[in-house]
Amino acid sequence: MPPRTRASAAAEPVTRPPVEFHASCVVDGSAQLTGTYLIRIGANSIVHPKARLNSTNGPITIGESCIINERCLIQAADASGIVLGDGVLVECNTIIEGKEVREGTDVEVGVRIGKGAVVGKHCKLCPMTEVMEQEVLPDYTVIYGYNERRKDVSGNEASRRKVHDRHIEALKILITSNHAKFKS
């Protein structure tokens, strides 16, 4: 009797997308980059092991100094693609299918951003919250609890960015980059 295979193992072979990496970005060799559209990753951005970027439906553009953590899925919903602005932090187990996540936004554990959604600058999406499909979230919005919302008026963007940049420097030491694996 032949060995049983998982359903995903029997599926079509995974296509390797065209990629454009800045020389200073770090993409771990066990990250999963799939699809047919371009995946572009900016300077000083970090893609953790087991992060999944799927460009089957549209291109993915990740700005400078972004951190994409493990077990998250970033997937373009349509041919217009998805853009993550500079300094975006994406924590574990998130699903991002929106159109845009703008500069300085923190997307925490288990967040789901629906298809076509636009998240403004310096937003904070607390754990297990959701941005609905086609929703436009204004700048400086905090989503917490059971999708409660408020404005962040703390004005601490500069100090948050400083900590974010230190986080990137530490990750550059800890995560080995393997650009060659993803280039055809």
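Sequence positions, counted from 1, serve as the residue numbers for this chain. Remember, predicted model here, so these are calculated numbers, not experimental data.
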If you measure from [atom1] on [X] to [atom2] on [Y], what distance do you get to the nearest 0.5 Å?
X    : Y    : atom1 : atom2 : value
E100 : T105 : CD    : OG1   : 9.5 Å
F21  : I41  : CZ    : CD1   : 4.5 Å
N44  : L171 : CG    : CG    : 11.5 Å
K162 : N156 : NZ    : CG    : 13.0 Å

In chain order, what residues pass the side chain to side chain contact (heavy atoms under 4.5 Å, CB included) check against [X], with sequence neighbours excluded?
X   : value
A43 : H22, S24, E64
E70 : H48, K50, C92
T36 : T15
A76 : I82

Nearest atoms (heavy-atom pairs only) where [X] meets [Y]:
X    : Y    : answer
V88  : R102 : CG2-O, 3.5 Å
G63  : S45  : O-OG, 2.6 Å
P59  : A79  : CD-O, 3.4 Å
F182 : G29  : CZ-O, 3.9 Å

Could you pull out every donor-acceptor pair under 3.5 Å between side chains of residues 113-133 and any protein atom, sequence neighbours left out?
unit_1: K124; atom_1: NZ; unit_2: E108; atom_2: OE2; d: 2.8
unit_1: T129; atom_1: OG1; unit_2: C126; atom_2: O; d: 2.7

Note to self: With ring pair (Phe, Tyr, Trp, His ring centres under 6.0 Å) as the rule and sequence neighbours excluded, what pairs involving residues 66-119 come up?
What the structure shows: none

